[in-house]
Amino acid sequence: MTKEYYAHSLPGRPQEKWQPLEEHLGNVAEMARGFAAEFDAGEWGYLAGLWHDLGKLAPEFQNMLRLANGLDVSGTHNHGRVNHSTAGAILAVERFKLAGRILSYLVAGHHAGLSDWSSDQAGNAALSIRLNDIELFESIKDNVPESIMAQPFPKERPGLGTDPALWIRMLFSCLVDSDFLDTEGFMSSDKGDLRGGYPALAELLPRFEAFMKEKSDGAEDTPVNRIRAQVLNRCKSFAGNEPGIYTLTVPTGGGKTLSSMAFALHHAIYHGKKRIIYVIPYTSIIEQTADQFRQIFGNAVIEHHSNFDSTGEDDESGKARLACENWDAPVVVTTSVQFFESVFANRSSRCRKLHNIINSVVVFDEVQLLPPEFLKPILYSITELQSTYNATLLLCTATQPAFGPHPEFGFNGLKDMKEIMEDPGDLYRNLKRVEVKVPDNLLQPKLWEDLASELSEIESVLCVVNRRDDCRELWKMMPEGTFHLSALMCGAHRSHKISEIKARLSKGLPTRVISTQLVEAGVDIDFPVVYRAVAGLDSIAQAAGRCNREGRLEMGRVIVFCPPSEPPVGHLRQAAQIGRRFLESDDKDFLSPDKFTRFFEELYWLQADRLDIKGIMDDLAPDGEFRFSFRSAAQNFRIIDEQKQGPVLVTYGEGAKLITLLEKMGPERWLMRKLQRYVVNLPRYLHTRLVAEGAVRQVCPGIFIQGHSAMYRDDIGFCPEQSIIYAPDDLIC
């Protein structure tokens, strides 16, 4: 470049200290080449990096930088943002025709996100429309150095695998992470200094072994603990097997969390894998797993989900927060929502972590909770992560779903899965700690009053129901001191109550709990008696996992009952109907592993084409011309449909102080992260009604808080019925 062009400036720095554009393009290209080489696409990554910011050669962009720094730009009329991402996309298509579309998606989307090819949904943002804006390229064409313009077609054939759309998203991840990192290095070098520096997985193994030895040495010599040791040893010995898709079927309470980590750690070291990603279904249970791993591995663990304040301080430069952006730590603990919505994302901030899934071990805990309505695209992506991106996937649960192929109803599923445990059926029989009692007539509802009377006669009992309103209705009829757990309590509140319940149980104190199904996955509590409203067979098994967990009783009691109300419409109701049929059968061994295969087969058959309810597979289907709908797929792939829920910040505990800060300071990022622990999600219709009544009020655009103190109680959480009832303190002017 005969004239100096710049990529970035900083207020206060003289122009000679700005970042030259050619330097930025070269840095990003080399970094993207290194990332993409992990899946044999290094030259594609290099080209994307070299061409991504060519639009910054435009005089309008250079003038914008000068204006932003108070320099004279006489004669210019440009005062707004300049499109600098389309020119390189057009160059890619001009040079490489159809194959150039691959690069054009990346370059055109490196800020706004991967777009749809068609304008049907994306309008003028569609790639097909943007590539027609030839003037943008013509304005910079003469300024592009020949060495950049004349780059040859990559020698590597596009390694598109069976899923070209995911291959493009992986390349996009390499590009945007490189762009973010190089820009950060110039703009905020202190942040770059905080990145990396983590111990290698091989350094973590001695910590893990020391922790497990101490745990083993301190454990009682009980049948349950002996079986847990067998599971652990089996996982360690199996870790030398080739990368692939594995299942770990261990009854609840069999120690599968630590055993699965043992497999992941040994397997990763043996096969030279980069990191372990531990995926958990709910934010409500992720904290105890992440805390346990931090106890073992220290700050080598990052926890990434919506409820986690990753800094622990009032700024946004913490090492953990930076690692959350691109998952460059050795152990990542995240949620199913975060993981899969990132896999199907189109935005640069969500996609930048994708390339760090390559050559990793990914453990899915409680895999039966993957949402059926997205099951086809989820399983398709799991297959592709293993076959094309060298990831090893481990699917853990006590109730292994039927994920194998079923061609007769068009379910491709997962092929060549290998079970780690030698005989899950034998393991189930050896770990059997409960008897399940089912009433003669599962269609005959039990009145809440009768159930409350029955539960009140038991000193320590857990009762799990299907609905929030059921939970509250039954709780009201119980003796004083009974605990209530539901999602109408914020995350911080639930964690506190669960800790209190555990403490009471450990001391042998009478403890009665009425809960929704939130206790059924990963909550380590141990009751002598558990009642469960009729539900899917997997839910009953998970509830049973909270009964006689440590095997201290000869047999715990799990009592199934028919509640007065139906489960929520949809998947849960279908699961309950199938579960009822299994419970009414002559075979009374309800919780054996073979039952779950049959149960899930029926459940998925009933779902049929609803296993891809939003048509994600159609949005991303290969058509030979790379006409994908990345933007539409990302918008449609929402495991939690935010349109159906309305969040409210509540004043439980520290939440009151944080809400006060919110009203004074506005939605600072660090503050909003802390406030995630104090959110309750309401059905949209209820949220709208409470806002109209003034019982919930908006303090910032899209941010709502509880209107008065009577609406949140320490025993049961958010109380929408209190919308017109005020506490005395609220009436003091």
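Applying the side-chain contact (heavy atoms from CB on, under 4.5 Å) rule to Arg610 yields the partners Gln607, Ile613; only residues at least two apart in sequence or on another chain are considered. Legend: residues meeting side-chain contact (heavy atoms from CB on, under 4.5 Å) with Pro199, ordered by chain and number and at least two apart, are Glu203, Leu204, Arg207, Ala300. Partners of Tyr380 by ring-ring contact (aromatic ring centres under 6.0 Å, His included), not counting sequence neighbours: none found. Residues satisfying the ring-ring contact (aromatic ring centres under 6.0 Å, His included) test with Phe339, not counting sequence neighbours, are Phe364. The side-chain contact (heavy atoms from CB on, under 4.5 Å) search around Gln577 returns Arg573, not counting sequence neighbours. In this view, Tyr246 and Phe238, Phe263 satisfy the ring-ring contact (aromatic ring centres under 6.0 Å, His included) rule, not counting sequence neighbours. Residues meeting the ring-ring contact (aromatic ring centres under 6.0 Å, His included) test with His271, sequence neighbours left out: His267.
For Lys273 and Asn359, the side-chain atoms include at least one donor-acceptor pair closer than 3.5 Å. For the residue pair Tyr428 and Asp594, no side-chain donor N or O sits within less than 3.5 Å of a side-chain acceptor on the partner. Using modelled atom types and a 3.5 Å distance limit, the side chains of Tyr278 and Ser260 yield a donor-acceptor pair. There is no side-chain donor-acceptor pair under 3.5 Å between Ser539 and Gln517.
A salt bridge does not link Asp715 with Arg472: none of the charged nitrogens is closer than 4.0 Å to a carboxylate oxygen. Of the charged side-chain nitrogens involved, at least one lies within less than 4.0 Å of a carboxylate oxygen, so that Arg581 and Glu602 count as a salt-bridged pair. Looking at Arg638 and Glu373, no side-chain N of the basic residue comes within less than 4.0 Å of a carboxylate O on the acidic one, giving no salt bridge.
Between Val224 and Leu431, the closest side-chain pair of non-hydrogen atoms falls below 4.5 Å. You'll find the side chain of Thr222 stays beyond 4.5 Å of the side chain of Glu550, heavy atoms only. The side-chain heavy atoms of Ile269 and Leu205, taken from C-beta on, include a pair separated by under 4.5 Å. For the pair Leu537/Leu583, a side-chain contact is recorded, criterion being any heavy-atom separation below 4.5 Å from C-beta on. Using a 4.5 Å heavy-atom threshold, the side chains of Thr335 and Val279 count as separate. Val362 places none of its side-chain heavy atoms less than 4.5 Å from the side chain of Thr392. No side-chain heavy atom of Leu485 sits under 4.5 Å from any side-chain heavy atom of Thr516. Asp426 has its side chain within reach of Arg429: a pair of non-hydrogen atoms, C-beta onward, lies under 4.5 Å apart.
Classification of the His493-Tyr652 ring pair by plane angle, with boundaries at 30° and 60°, yields parallel.
In this structure, Phe527 CZ and Leu505 CG are separated by 4.5 Å, a value rounded to the nearest 0.5 Å. A distance of 9.5 Å separates CG in Asn225 from CD1 in Ile227, rounded to the nearest 0.5 Å. Within the model, atoms CZ of Arg275 and CD1 of Ile277 stand 6.5 Å from one another, a figure rounded to the nearest 0.5 Å. For the atom pair OG1 (Thr482) and NE2 (His484), the distance works out to 11.5 Å, reported to the nearest 0.5 Å. Here the CZ-CZ distance, from Phe582 to Phe599, works out to 7.5 Å after rounding to the nearest 0.5 Å.
Judged purely by atom type and a 3.5 angstrom limit, Asn548 uses its side chain to pair as donor or acceptor with the backbone of Arg433. Within the 3.5 Å criterion, the main-chain N or O of Leu509 finds a donor-acceptor partner in the side chain of Thr511. Looking only at distances, a side-chain donor or acceptor of Arg504 sits under 3.5 Å from a matching main-chain atom of Pro510. Judged by distance alone, with hydrogens and angles left aside, the side-chain atoms of Arg546 form a donor-acceptor pair with the main-chain N or O of Val523 at under 3.5 Å. The closest donor-acceptor contact from the side chain of Lys595 to the backbone of Asp589 lies under 3.5 Å. Under a 3.5 Å cut-off, the side chain of Asn681 and the backbone N or O of Gln645 do not form any donor-acceptor pair.
Pairs engaging residues 474-492 under the salt bridge (Lys or Arg N to Asp or Glu O under 4.0 Å) rule: none recorded [sequence neighbours left out]. Sorted by first then second residue, the salt bridge (Lys or Arg N to Asp or Glu O under 4.0 Å) pairs that include residues 250-261, not counting sequence neighbours, are Lys256-Glu366. Sorted by first and then second residue, the pairs that involve residues 524-536 and meet side-chain hydrogen bond (donor to acceptor under 3.5 Å, both in side chains), not counting sequence neighbours, are Glu454-Tyr531, Asn466-Arg532, Glu520-Arg532, Asp524-Arg549. The side-chain hydrogen bond (donor to acceptor under 3.5 Å, both in side chains) pairs that include a residue from residues 208-217 are Glu209-Lys236, Glu209-His266, Lys213-Asp217, where partners are two or more places apart or lie in different chains.
Atom CD of Glu500 has more than 12 heavy atoms from other residues, nucleotides or ligands within 6.0 Å. Atom NZ of Lys418 has more than 12 heavy atoms from other residues, nucleotides or ligands within 6.0 Å.
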Step by step, work out the side-chain hydrogen bond (donor to acceptor under 3.5 Å, both in side chains) result for Gln400 and Thr247. CA-CA 8 Å; Gln400 201 66 240; Thr247 58; 4.6 Å; no
Step-by-step side chain to side chain contact (heavy atoms under 4.5 Å, CB included) determination, Ile578 to Trp605: CA-CA 11 Å; Ile578 299 169; Trp605 290 337; over 6 Å; no
Report the C-alpha distance between Met555 and Lys432 in whole Å, list the side-chain angles of each, state the deciding distance to 0.1 Å, and finish with yes or no for side chain to side chain contact (heavy atoms under 4.5 Å, CB included). CA-CA 8 Å; Met555 277 290 162; Lys432 186 173 180 180; 4.2 Å; yes
Before giving the answer on salt bridge (Lys or Arg N to Asp or Glu O under 4.0 Å), spell out for Glu303 and Arg294 the whole-Å C-alpha distance, their side-chain angles and the decisive distance to 0.1 Å. CA-CA 9 Å; Glu303 185 179 346; Arg294 271 193 295 268; 2.8 Å; yes
Apply side-chain hydrogen bond (donor to acceptor under 3.5 Å, both in side chains) to residues Lys274 and Ser360 and explain how you reach the verdict. CA-CA 5 Å; Lys274 296 187 301 182; Ser360 295; 5.6 Å; no
Residues Ile559, Val530; criterion side chain to side chain contact (heavy atoms under 4.5 Å, CB included); working and verdict: CA-CA 6 Å; Ile559 299 161; Val530 170; over 6 Å; no
Take Arg494 and Leu518 through the test side chain to side chain contact (heavy atoms under 4.5 Å, CB included) and record every step on the way to the result. CA-CA 10 Å; Arg494 293 196 304 266; Leu518 68 84; 3.6 Å; yes
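Taking the six-membered ring where the residue is Trp, the centroids of Phe600 and Phe596 are separated by 6.0 Å or more.
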Residues 560-568 side chain polar contacts: donor-acceptor under 3.5 Å, at least two apart:
| unit_1 | atom_1 | unit_2 | atom_2 | d |
| --- | --- | --- | --- | --- |
| Ser565 | OG | Asp470 | OD1 | 3.0 |
| Ser565 | OG | Asp470 | OD2 | 2.5 |

